[in-house]
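On a predicted model such as this, the values are computed, not experimentally measured, just so you know. Per chain, numbering begins at 1; letters A, B, ... match sequence-line order.
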Amino acid sequence: MLHALGNLWTPLAATPLVWLALTLAAFWLGRLVQRACKGAPAANPVLIAILLVAAVVLATRTSYASYFSGAQFINFLLGPATIALAVPLARNLDLVRRNLYSVGTALLAGSVASIVSGVAIVWALGGAKTVALSMAPKAVTTPIAIAVSQQIGGVPALTAALAILGGIVAAIIGQTMLRRLKVHDWRAHGLAAGVAGSGIAAAQVASLNELGAAFAALGIGLNGVLTAIVVPVLVLLWG
Amino acid sequence: MPFAFFVLILCQLVGELVRDALKLPIPGPVIGMFLLAAILGWRLRGNPERGIPKPLETLAEGLIANLGLLFVPAGVGIIAEAGLLRQDWLPIVAGLVGSTVLGVAVTGLVMHWTMRGR
């Protein structure tokens, strides 16, 4: 009885709690660093947190599985957070409807450019076929990317890593590059972040602008669906 | 807050059930996102003043503001792929950066051009 009550209070042993605490602290620290750098995209809090946590996990010779046993509680929230993107999307539904032609064209062009160029570059530089296949769906939100990678014979864990790294790359360079290309509209910035950098780049844009957040949500969702359909077809054609 | 969280989880659940039933390659949360957006959009259309329920709005904004945190656990998984990364680092880095840059540029530019025409 006492034992059962004890379990009630501590569903987590001490060790998973350590990893949960470390993950939260590392991200909080990443935020502080970005704020200290006046919101510079290069000081990406996700990147900082991943590097800090990975360093501690490696230094303590902890397996990824035992780290994840604690961190999974944060990972679980990815589902509800993806659903939550419906709120900015619904708020701006009229704007989206009015720009449907632009959104559709840009989405198709950007998505195919990203898939084909990723596979082509890996192939041209002599990378393994499994690496090229893992690269193909990496622009979309991590859970979709993993599912597609599995389906076409990539390495799902590598795809997950690439999806996150790609999101960080898009978050760091996206805004600067688009401004240099004379694109200033938040709708274009948001959609580009969602299509090419999924959640991480979207988080960067969403923290700056509500309209950008709506189009980023649209980009993530639509590109997720499009990629899930296009990549298996392209792979079939590629043979 | 409990109701708002219930709405999010319910949409995810329905999304997963739809995915299972139709054998779609799209993950449940993405189906759930479009489902919730459709419901909220329909609600707003019928009566714009009613708006989005405040608790749902607050919860959604909180989750979105901290979206980055939720990617950290999966991101640390990179350490488990160290072997492949070391072996094929050049094609991986070049492919990743090249395709991401191209993806952002093409999407942003095409969006910019097509919006200008209308």
Is the closest side-chain donor-acceptor distance between A/S117 and B/S99 under 3.5 Å?
no

Criterion side-chain contact (heavy atoms from CB on, under 4.5 Å) on A/L178 and B/H112, from CA distance to verdict:
CA-CA 10 Å; A/L178 285 179; B/H112 180 66; over 6 Å; no

Between [options], which residue shows the highest count of heavy-atom pairs closer than 4.5 Å to chain B?
options	value
A/Q204, A/R31, A/K182, A/H184	A/R31
A/A54, A/G79, A/G224	A/G79
A/G110, A/A106, A/A128	A/A106
A/F68, A/W123, A/Y67	A/Y67

Measure distances from [X] to the heavy atoms of chain B and classify the residue's part below 4.5 Å as side chain, backbone, both or neither.
X	value
A/T105	both
A/V122	both
A/I164	side chain
A/V183	both
A/V131	side chain
A/D185	side chain
A/R97	side chain

Taking it one step at a time, do A/L58 and B/I79 satisfy side-chain contact (heavy atoms from CB on, under 4.5 Å)?
CA-CA 8 Å; A/L58 287 175; B/I79 58 173; 3.9 Å; yes

Kindly give the heavy-atom pair with the smallest separation between B/V72 and A/F27, and that separation in Å.
CG2-CD1, 4.2 Å

Measure the shortest side-chain to side-chain distance between B/Q12 and A/P80 over non-hydrogen atoms and say whether it is less than 4.5 angstrom.
yes

Can you tell me which portion of [X] sits under 4.5 Å from chain A's heavy atoms? Options are side chain, backbone, both or neither.
X	answer
B/I52	side chain
B/A105	both
B/V7	neither
B/F34	side chain
B/Q87	neither
B/L69	both
B/L90	both
B/L85	side chain
B/L96	both

Stepwise, does the side-chain contact (heavy atoms from CB on, under 4.5 Å) test hold for B/L44 with A/L93?
CA-CA 10 Å; B/L44 284 172; A/L93 217 52; over 6 Å; no

Go through [options] and name the one with the most non-hydrogen pairs under 4.5 angstrom from chain A.
options	result
B/L70, B/I31, B/L63	B/L70
B/A4, B/G103, B/P29	B/P29
B/N66, B/L59, B/V97	B/N66
B/V110, B/I78, B/V76	B/V76

Can you tell me how far apart [atom1] ([X]) and [atom2] ([Y]) are? Round to the nearest 0.5 Å.
X	Y	atom1	atom2	result
B/M115	A/R98	CE	CZ	12.5 Å
A/L85	B/L67	CG	CG	6.0 Å
A/L78	B/F71	CG	CZ	5.0 Å
B/T100	A/L165	OG1	CG	9.0 Å

Would B/V101 and A/M177 count as a side-chain contact (heavy atoms from CB on, under 4.5 Å) here? Give the steps.
CA-CA 8 Å; B/V101 166; A/M177 184 175 65; 3.5 Å; yes

Please list, chain by chain and in numerical order, all residues satisfying side chain to side chain donor-acceptor pair (under 3.5 Å) with A/T82, sequence neighbours excluded.
none

